Amino acid sequence: MSIAPLTPVLTALWDTQRSWKLDTYRSNGGYFGALLALKLAPIQVIAEVKASGLRGRGGAGFPTGVKWGFVPNTPETAGQPKYLVVNCDESEPGTCKDMPLLMANPHLVVEGAIIAAYAIGAHQVFIYIRGEVIHAVRRMQQAVAEAYQAGLLGAEPLGVPYPLHVTVHAGAGAYICGEETALLDSLEGRPGRPRSRPPFPAVAGLYGQPTLVNNAETIASLPAILVRGAAWHAQFGTEQSKGTTIYSVSGHVRFPGQFEAPFGITARTLLEFAGGIREGHKLKFFTPGGSSTPLFTEDQLDVPLSYEAVAEAGSQLGTKALQFFDETTSVLRTTRRWMEFYAAESCGKCSPCREGSQWLRQLVVRLEEGHGQPGDVELISDICNNVSGKTFCPLADGFVAMMTSAIRHFPSEFEAGYRRPASELFPYERSAVFPIPAPDAEPTPASRRVTRGEGVK
Amino acid sequence: MNAVVNAVELVKLTIDGRSVQVPRGTTVIRAAEQAGVFIPRFCDHPALQPVGVCRQCLVEIPDAGNGKSLKLQTSCTLEVAEGMKVATQATSELAAAAQAGVSELLLLNHPLDCPECDQAGECPLQNQAMLSPRQVSRFDGVKRHLPKALAATPAIMLDRERCVQCMRCVRFGTEVSGDVLFTMLGRGAEMQLAACPGAAGGGYFAGNTVQLCPVGALTSSDYRFQARPFELVSTQSTCDGCAGGCPIRVDVKNGVVRRRLAAGAPNQVGEWLCDRGRYGFRSAQTAERIRTPMVRKDGLLVQASWPEALDAAAKGLRGLAGSQVALLPGGRLTLENAYAYSRFARVVLRTNNIDCRTRASSDEETQFLTRKQAAQVFATAPDYATLERAKQVVLLCFEPEEESPQLFLSLRRAVRNLGLQVFAVAPYLSAGNAKLHAQLVACKPGDEVRALAAQGITLNADSVMLVGERAAISAGTLKWAAETAAATGAKLAWIPRRSGELAAIAAGCLPTLLPGGRLVGDARACATLATQWHMTTLPADVGHDLLGITTAARTGDIRAIITGALDMRDLPDPELLRRALGQTFVVSLAVKQSEVSEYADVVFPVAAPDEQDGTLIDWTHTRRPVVAAVRGTTPPDVAVLAALATALGNDLGFHTTKAALASYNALPPWISVPAVLPTITATSVIPPALGNVILSTWRLLLDEAYSLDGAAVLQASMPTAVARVSPETAQTNGLVDGAIAQIGAGGARWHGPVRVTPGMVNGVVWIPALTQTAECGQLHALSGERVILTVAASPMPWLSPNGPPRFEQLWDNVYPLRQARGGEAR
């Protein structure tokens with residue numbers, strides 16, 4: 001099978017010298033899209049984005065132009081404050097696309113923010129970045145400062161009298177704050193917990209005002225659409241999933257990293273880009289869209305990675321984070337680690353997620369340690385059933401999907417947890433990517449990265 | 001409010017096959033209640049905004065009204081739609097399974113301590129667990145363990161293990177009372193309820209959170225371990241804490257009142273109850289309770305039999321002319337008891353020397369009240385519902401949160417939901433009025449009318465004036481209010497602090513008024529009454545009011561006084577009454593021993609509020625029934641006065657409260673013609689005094705009132721006293737925030753820490769009236785009187801600048817029992 005070409009649009013400047021600087025960005029045509037947008041009427045900008053078929057890159061894949069249309073722009077709401085919030089609270093295990101984007105080309109997001117804010121009539125933008133990724137926060141802050149200095153933001157961005165201000169906000173570190181309403185609560189200074197909908201943020205969001213929340217990658221996709229046109233964007237991808245996107249590939253592959261390609265590319269192709277599964281091993285399972293999407297196995301390697309095709313195959317494209325695991329991996333251990341993540345990140349607001357995640361964590365931990373009780377696997381399935389679809393927000397649906405698909409694909413591994421610890425069946429050092437040092441060896445930075453887990457005993 | 005509903009627009013839907021019509025905007029769970037279908041719930045409450053966090057109320061929607069089905073929606077957040085079909089747990093297996101699943105999860109970390117939990121037996125979670133098809137938990141893991149009950153406030157114990165994180169208590173604070181007491185800390189399974197540091201007593205409404213809690217996470221320190229629900233005998237009654245007329249449920253075990261609960265329907269008056277009403281019933285259970293009559297012999301009060309005491313009282317009263325006797329029934333009587341006093345005065349003692357106002361009053365107030373009652377203008381007086389239609393409310397000499405808490409909540413609801421604008425005419429914006437988002441019309445006490453006019457606030461038919469009892473001493477305020485109401489059509493309500501004053505005025509316990517609004521001296525009115533009372537004449541001269549009675553007693557003109565419950569400290573000059581009582585023959589009808597007992601020659605025990613039937617009249621002039629929760633051994637005032645009448649060879653006409661009410665109701669209605677009504681003349685009662693500032697003071701809801709004796713939890717939540725001054729006044733007088741101020745008036749001194757209060761009117765110092773008197777002292781000066789404000793020469797050590805030492809509240813394992821008082825006086 002021939003390898004489809006990569007289509008670097010968002011990632012086009014990633015390998016240039018000092019790609020994050022304004023000079024670099026502008027000398028490559030940066031901020032031309034924003035200038036074009038500011039010359040158009042907002043409604044024309046929305047029409048262009050609608051025509052491009054751009055879908056939200058944050059996971060749900062909701063058509064961006066349609067979402068913009070929800071923000072009221074009637075004459076009665078003209079004086080009402082509106083906000084644009086750029087969601088960079090990327091924290092799904094396996095997902096790593098927004099952070100490299102912010103590091104390599106923060107101005108793409110700033111420019112996109114100008115376009116989106118202008119389109120919906122917002123004069124204030126908040127860029128919400130996961131606070132732990134302090135270097136990304138700093139880079140973004142510097143980019144915004146540069147933009148202000150260059151007159152790209154402020155009272156007259158690019159010389160157009162449309163006052164626009166951008167605030168970079170560092171979150172306090174909660175996965176749930178990636179959910180847009182929880183993000184708004186967090187931005188307002190409260191604990192991040194999802195709000196009930198309706199009202200939707202487009203009607204009553206930040207401080208009760210109309211608010212558009214878009215993922216950073218979605219926002220970054222805008223300049224190219226403005227510069228090259230909706231038709232150009234729509235030529236990429238599939239009928240329902242148009243454009244190019246960043247896939248983050250990680251796990252037991254030879255060259256993990258970000259690959260920008262059109263929708264509809266297969267996991268097999270991406271795997272080839274990444275140099276295939278590491279030497280001497282073969283694929284066991286992979287996630288198509290991050291840890292909260294149902295697992296795929298080798299059988300689904302040829303599923304086109306578009307929202308519709310992945311959904312048809314029983315999973316979700318989510319954040320397009322492909323984590324590949326080879327045959328040395330214990331699925332029980334993987335699900336335990338993920339389950340511990342979700343149990344820690346459940347916000348606690350609604351009971352099924354709060355209590356269910358805790359119970360599932362306890363069960364999968366004891367299975368992994370070989371202390372499972374007969375019936376535990378059925379119990380897990382039943383709890384998943386009790387939690388799924390009954391919670392306030394989709395966080396629980398994520399871990400339920402992951403858990404049930406893992407049991408469906410590898411029931412015997414789970415049942416083995418009644419008798420033997422997973423570490424006996426799948427010695428953990430075998431799945432380590434970096435060599436495990438001998439017990440008496442001097443610790444090196446690289447070895448610390450491995451031994452931080454519990455794999456080495 | 002749950003949803004702003006348009007009563008006109010109805011939506012028809014089907015719930016479990018039953019058709020029901022509800023207003024648009026109603027949630028499915030409310031509609032189901034109307035259809036008679038119960039959907040289990042924990043977080044949902046009709047008076048709180050829907051949040052949909054417990055997920056217990058999941059239902060299936062086979063048809064959302066648009067032909068499409070929705071699977072599993074929380075019925076508490078889903079609004080009804082025309083043609084919607086709802087299948088609850090009764091008809092949908094999916095919904096039943098989902099609810100069972102949620103129940104199991106909710107019980108996952110719940111301790112199995114029902115046998116020692118107060119909530120057991122009245123616990124929705126317990127009921128839900130009992131209904132669950134699975135009676136044995138499948139959970140064999142490790143439960144969440146946290147230290148058991150901790151004192152969140154002096155009145156509320158928090159057991160976080162039992163909490164189901166429904167956030168009702170959190171939402172109550174933000175949505176209803178405005179006092180932030182609880183919050184959720186942490187996340188995931190670690191998320192816990194915690195009392196906010198610095199929330200102190202949690203405000204005057206914190207007790208409602210205990211009643212709101214659907215599990216045993218919040219329990220009342222006052223009621224803990226005292227009773228099981230099946231041991232309780234409950235009575236629906238009316239709270240006698242203020243003139244709010246809140247419906248309450250009184251729970252009794254073994255003849256002792258154990259607790260009071262709010263008994264109003266959701267979104268109706270009395271849905272919530274203030275802490276004074278909730279916990280303030282222990283007074284009758286204290287050791288000072290009088291259970292037998294007492295007669296003074298050789299200077300000492302000794303127990304006596306009823307005949308002996310009646311003889312002694314009759315002996316002291318016999319032969320005195322009407323002008324030589326007086327009655328001070330007090331302001332906390334039921335209509336029946338007040339009527340008995342009123343009739344006893346006119347029929348037996350033949351006097352009009354009767355005044356129910358045992359507090360600072362004035363001729364202007366007497367004229368105002370007389371006119372109001374005689375002209376029956378209260379028929380058009382505002383009520384709770386009026387506030388929801390009003391556009392603006394003006395508070396004159398009135399602090400709703402301190403003086404009428406239920407009214408405060410109604411105001412707050414109208415402010416939050418209906419855009420009501422409140423103007424507070426006061427020296428500073430109190431915390432309570434700030435929660436009403438009130439606009440302050442800053443003024444010195446006594447200057448209210450001028451300040452209001454200076455602000456250019458015009459009143460119209462959409463305005464409501466709420467006037468408190470302190471208006472009596474603000475010369476011209478009542479006159480202005482009455483005239484403005486007549487001229488502009490603005491509604492006017494006079495709201496006394498005490499529960500019985502309106503009933504007493506209706507019953508004629510004023511020197512100018514007879515029962516039913518008849519004027520003393522109005523021959524035609526008196527004639528109808530005399531016929532009814534089987535008398536030929538009634539005393540025709542206007543009697544003395546409180547001040548007149550005390551003065552006449554000192555000069556020897558009055559030789560005998562019959563008193564009901566009165567607190568000397570409420571009077572503008574207690575010394576005057578002390579001397580009056582010291583010089584006269586005193587018959588005291590009292591529940592408890594008090595300072596009055598020291599002067600009494602004969603003491604009759606009477607029934608406590610929880611022990612007798614009766615009627616209260618609330619500030620809206622609505623009669624509210626009081627029902628005896630306990631059958632005590634002491635008779636009501638009616639029976640004592642009837643027996644005394646008999647001992648005096650007379651007949652009161654009735655012996656029981658029931659007969660007293662029948663007699664009152666049998667009075668033919670009477671409306672005085674305008675010609676005979678008294679005119680209202682502005683009169684000042686403020687004595688001239690020297691001083692550098694003007695005093696402003698009022699009673700707080702929780703203070704050292706006799707009626708709150710024995711309520712330990714309230715005493716622990718009582719605010720600490722502070723003296724408030726404006727920044728400029730502080731500077732002028734050399735005071736800084738936290739310094740100890742001394743306020744002198746007459747011979748009395750008050751000491752307390754200064755709180756510099758921005759926005760306050762200059763030249764005024766405010767102190768709470770009856771708070772921490774042991775530490776601070778008490779002034780007997782009126783609001784509006786000049787006092788001397790200085791820096792205290794020797795600061796009292798226990799009044800450190802930052803208040804008494806207090807433990808910081810911690811939400812983790814160390815959670816000390818809090819001894820701190822309930823924040824500072826607001």
Side-chain angles (χ1 to χ4, degrees), chain A residues 172-177 182 185-186 190-199 339-366 371-373 375-376 378-380 382-393 395-396 399, chain B residues 27 41-43 49-60 70-74 76-79 94-95 97-110 125 134 137-144 163-167 170 174 183-194:
Chain A
Y175 172 62
I176 193 61
C177 290
D185 260 20
S186 167
R190 305 165 206 271
R193 293 180 192 130
R195 299 175 180 178
S196 60
R197 285 179 283 197
M339 204 53 236
E340 286 181 332
F341 171 81
Y342 287 108
E345 294 294 345
S346 164
C347 82
K349 185 166 181 173
C350 75
S351 19
C353 176
R354 179 182 66 238
E355 308 293 347
S357 63
Q358 216 55 17
W359 195 0
L360 288 174
R361 182 186 59 82
Q362 290 194 18
L363 289 172
V364 75
V365 164
R366 78 181 186 196
H371 302 141
Q373 303 292 318
D376 275 2
E378 291 74 20
L379 184 56
I380 290 179
D382 201 37
I383 297 167
C384 285
N385 191 32
N386 281 346
V387 171
S388 167
K390 298 170 183 67
T391 52
F392 201 90
C393 81
L395 186 144
F399 65 72
Chain B
T27 54
R41 80 293 299 267
F42 294 106
C43 68
Q49 296 283 348
V51 283
V53 299
C54 78
R55 317 304 283 182
Q56 184 62 60
C57 67
L58 290 167
V59 292
E60 205 185 337
L70 298 171
K71 271 198 180 163
L72 292 178
Q73 297 287 313
T74 45
C76 69
T77 55
L78 186 68
E79 284 187 8
L94 195 65
Q99 291 185 6
V102 173
S103 286
E104 183 183 26
L105 291 166
L106 278 172
L107 289 164
L108 208 61
N109 278 302
H110 196 78
L125 185 64
R134 185 177 288 114
S137 174
R138 293 183 294 181
F139 181 69
D140 55 357
V142 183
K143 287 199 181 205
R144 200 161 47 221
C163 179
V164 291
Q165 285 92 352
C166 72
M167 302 199 226
V170 179
T174 52
T183 189
M184 291 311 237
L185 293 184
R187 67 186 188 194
E190 312 267 292
M191 187 171 82
Q192 296 161 22
L193 186 64

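All values below come from the heavy atoms of this structure, side chains included, with hydrogens, waters and symmetry mates left out. A quick note: this is a predicted structure, and the numbers were derived from the prediction, not measured.
At a 4.5 Å heavy-atom cutoff, the contact between B:Met184 and chain A is made by backbone and side-chain atoms alike. A:Asp382 touches chain B through its side chain: at least one heavy atom from C-beta onward sits under 4.5 Å away, while N, CA, C and O do not. For a residue to count as touching a neighbouring chain, one of its non-hydrogen atoms must lie under 4.5 Å from one of that chain's; by this rule A:Ala344 touches chain B with the backbone only. Proximity to chain B (any heavy atom under 4.5 Å) is shown, for A:Arg195, by neither the backbone nor the side chain. Interface remark: B:Val102 contributes side-chain atoms only to the contact with chain A (heavy atom separation under 4.5 Å). With a 4.5 Å cut-off on non-hydrogen atoms, A:Ser196 touches chain B through its side chain but not through its backbone. Only the side chain of B:Glu104 comes within contact range of chain A, judged by heavy atoms closer than 4.5 Å.
Between the side chain of A:Arg354 and the main chain of B:Gly188, no donor-acceptor pair closer than 3.5 Å is present. With hydrogens and angles ignored, the 3.5 Å screen pairs no side-chain donor or acceptor of B:Gln165 with any backbone N or O of A:Lys349.
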Self-check item: Evaluation steps, side chain to side chain contact (heavy atoms under 4.5 Å, CB included), between A:Arg193 and B:Arg187
Solution: CA-CA 9 Å; A:Arg193 293 180 192 130; B:Arg187 67 186 188 194; 5.8 Å; no
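A salt bridge between B:Arg138 and A:Asp376 is absent, with no side-chain N of the basic residue lying under 4.0 Å from a carboxylate O of the acidic one.
Partner of A:Lys390 under the side-chain contact (heavy atoms from CB on, under 4.5 Å) criterion, out of B:Thr74, B:Leu105, B:Leu72: B:Leu72 alone.
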